[in-house]
Undergrad: 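Just passing along the structure, written as structure tokens.
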Amino acid sequence: MAEVTTDQNSGLRKVVLKSPEGTTAEVFVHGAHVTSWKTTTGEEVLFVSKQAVYKPPKAIRGGIPVCFPQFGGFGPLSQHGFARNSEFAVTDSAPESVTLSLTPNEEQLKLFPHPFALTVQVQVGNDILEQTLTATNTGSEAFELTAALHTYFGISSIDKARVDGLQGVDYLGSLADKRRLTENGAYVRFSGEVDRIYLATPSRLEVVDEARGRAVVVEKEGFPDAVVWNPWVEKAAGMGDFGDDEYKEMVCLEPAVAGSGPVTLQPGASWSAKQKLSLREL
Ligand SMILES: O=P(O)(O)OC[C@H]1O[C@@H](O)[C@H](O)[C@@H](O)[C@@H]1O
């Protein structure tokens with residue numbers, strides 16, 4: 001069993017996972033939120049802001065917030081839905097994996113009148129992190145959902161970072177009234193704010209850290225889309241839980257079901273999607 005412990009700094013409950021090879025991950029019960037994934041050599045791969053606020057129901061800034069049952073503004077709820085603001089229950093665990101579950105409370109059902117059961121499973125392997133979302137419609141009517149694993153990757157320097165695998169892919173420009181555009185570049189690089197929903201992307205993408213000589217390989221299933229986000233100077237300055245200069249240290253690449261249209265879940269039916277993160281030396 002992975003033990004549920006109390007985080008020293010925040011007082012919140014978390015689970016620490018460890019693979020036999022020594023890869024570790026830290027998962028907060030609040031939001032089923034992964035805040036750390038360390039390689040066998042002890043190197044952190046994810047980014048968490050030094051200004052992050054560990055005070056439920058606020059979502060933690062960084063790591064991997066779970067956006068569910070809504071991504072962004074694609075629906076009636078507030079931005080990114082309420083899973084990231086909710087207390088989950090730990091329903092299963094082993095030294096290298098944990099499953100956390102959420103059913104909406106009365107207040108959430110008033111805003112989103114669709115009973116569901118959501119599980120988030122997190123597992124570590126040899127320099128691997130896998131995360132699976134499974135949602136079941138436990139009500140009597142069909143409903144629509146959008147979702148994302150809003151993954152913040154730590155990088156050495158934004159001018160030496162890029163996202164590979166998106167050339168020729170159409171995207172909705174969130175900074176351009178969601179206009180549909182096409183990615184022409186071989187890579188996505190960052191020299192200003194980027195906020196794009198790439199549609200029906202290849203299942204394998206990479207966040208490349210040229211300065212560190214390493215890429216994180218993102219393999220996704222069941223998430224047709226991928227969001228690329230960096231807030232850059234102005235948006236960073238406007239976020240209370242994000243340092244003014246921290247945009248230089250992170251890139252978000254978020255497997256999502258968003259712009260390609262919502263998933264319709266029939267009564268009794270389940271939907272499942274996952275991401276697998278691994279490393280590649282350049
Ligand atoms: O501040 P939030 O709600 O965590 O959202 C952060 C960002 O999340 C990204 O997924 C969105 O594309 C951005 O538009 C948004 O700014």
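None of these values were measured; they are calculated from a predicted model. In each ligand, atom 1 is the first atom listed, and ligand 1 is the first ligand listed.
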Undergrad: Report the distance from atom CG of L100 to atom NE2 of H30, rounding to the nearest 0.5 Å.
TA: 12.5 Å
Undergrad: When you look for heavy atoms under 4.0 Å from ligand 1, do you find them on the side chain of H80, its backbone, both, or neither?
TA: side chain
Undergrad: Using a strict 4.0 Å threshold on nitrogen-to-oxygen distance, state whether E210 and R189 make a salt bridge.
TA: yes
Undergrad: Considering R61, R196, H150, K235, which one's heavy-atom position lies nearest to atom 8 (O) of ligand 1?
TA: H150
Undergrad: Among all protein heavy atoms, pick out the one at the shortest distance from atom 5 (O) of ligand 1; state its residue, atom name and that distance to 0.1 Å.
TA: Q79 NE2, 3.1 Å
Undergrad: Could you identify the single nearest non-hydrogen protein atom to atom 3 (O) of ligand 1 and state the distance to 0.1 Å?
TA: R84 NH2, 2.9 Å
Undergrad: Specify the protein heavy atom at minimum distance from atom 6 (C) of ligand 1: its residue, its atom name, and the distance to 0.1 Å.
TA: W229 CH2, 3.6 Å
Undergrad: If the cut-off is 4.0 Å to any non-hydrogen atom of D195, which atoms of ligand 1 fall inside it?
TA: 11 (C), 12 (O), 13 (C), 14 (O)
Undergrad: Under 30°, 30 to 60°, or over 60°: which ring-plane class applies to F116 and F68, parallel, tilted or perpendicular?
TA: perpendicular
Undergrad: Are the side chain of Q123 and the backbone of G125 linked by a donor-acceptor contact shorter than 3.5 Å?
TA: no
Undergrad: Considering heavy atoms of the protein only, find what lies nearest to atom 10 (O) of ligand 1 and give residue, atom and distance to 0.1 Å.
TA: E254 OE1, 2.8 Å
Undergrad: Can a donor-acceptor pair be found, under 3.5 Å and without considering hydrogens, that links the side chain of E246 to the backbone of A236?
TA: no
Undergrad: Please step through side chain to side chain contact (heavy atoms under 4.5 Å, CB included) for the pair F190 and I158, ending with a clear verdict.
TA: CA-CA 7 Å; F190 302 87; I158 191 69; 3.5 Å; yes
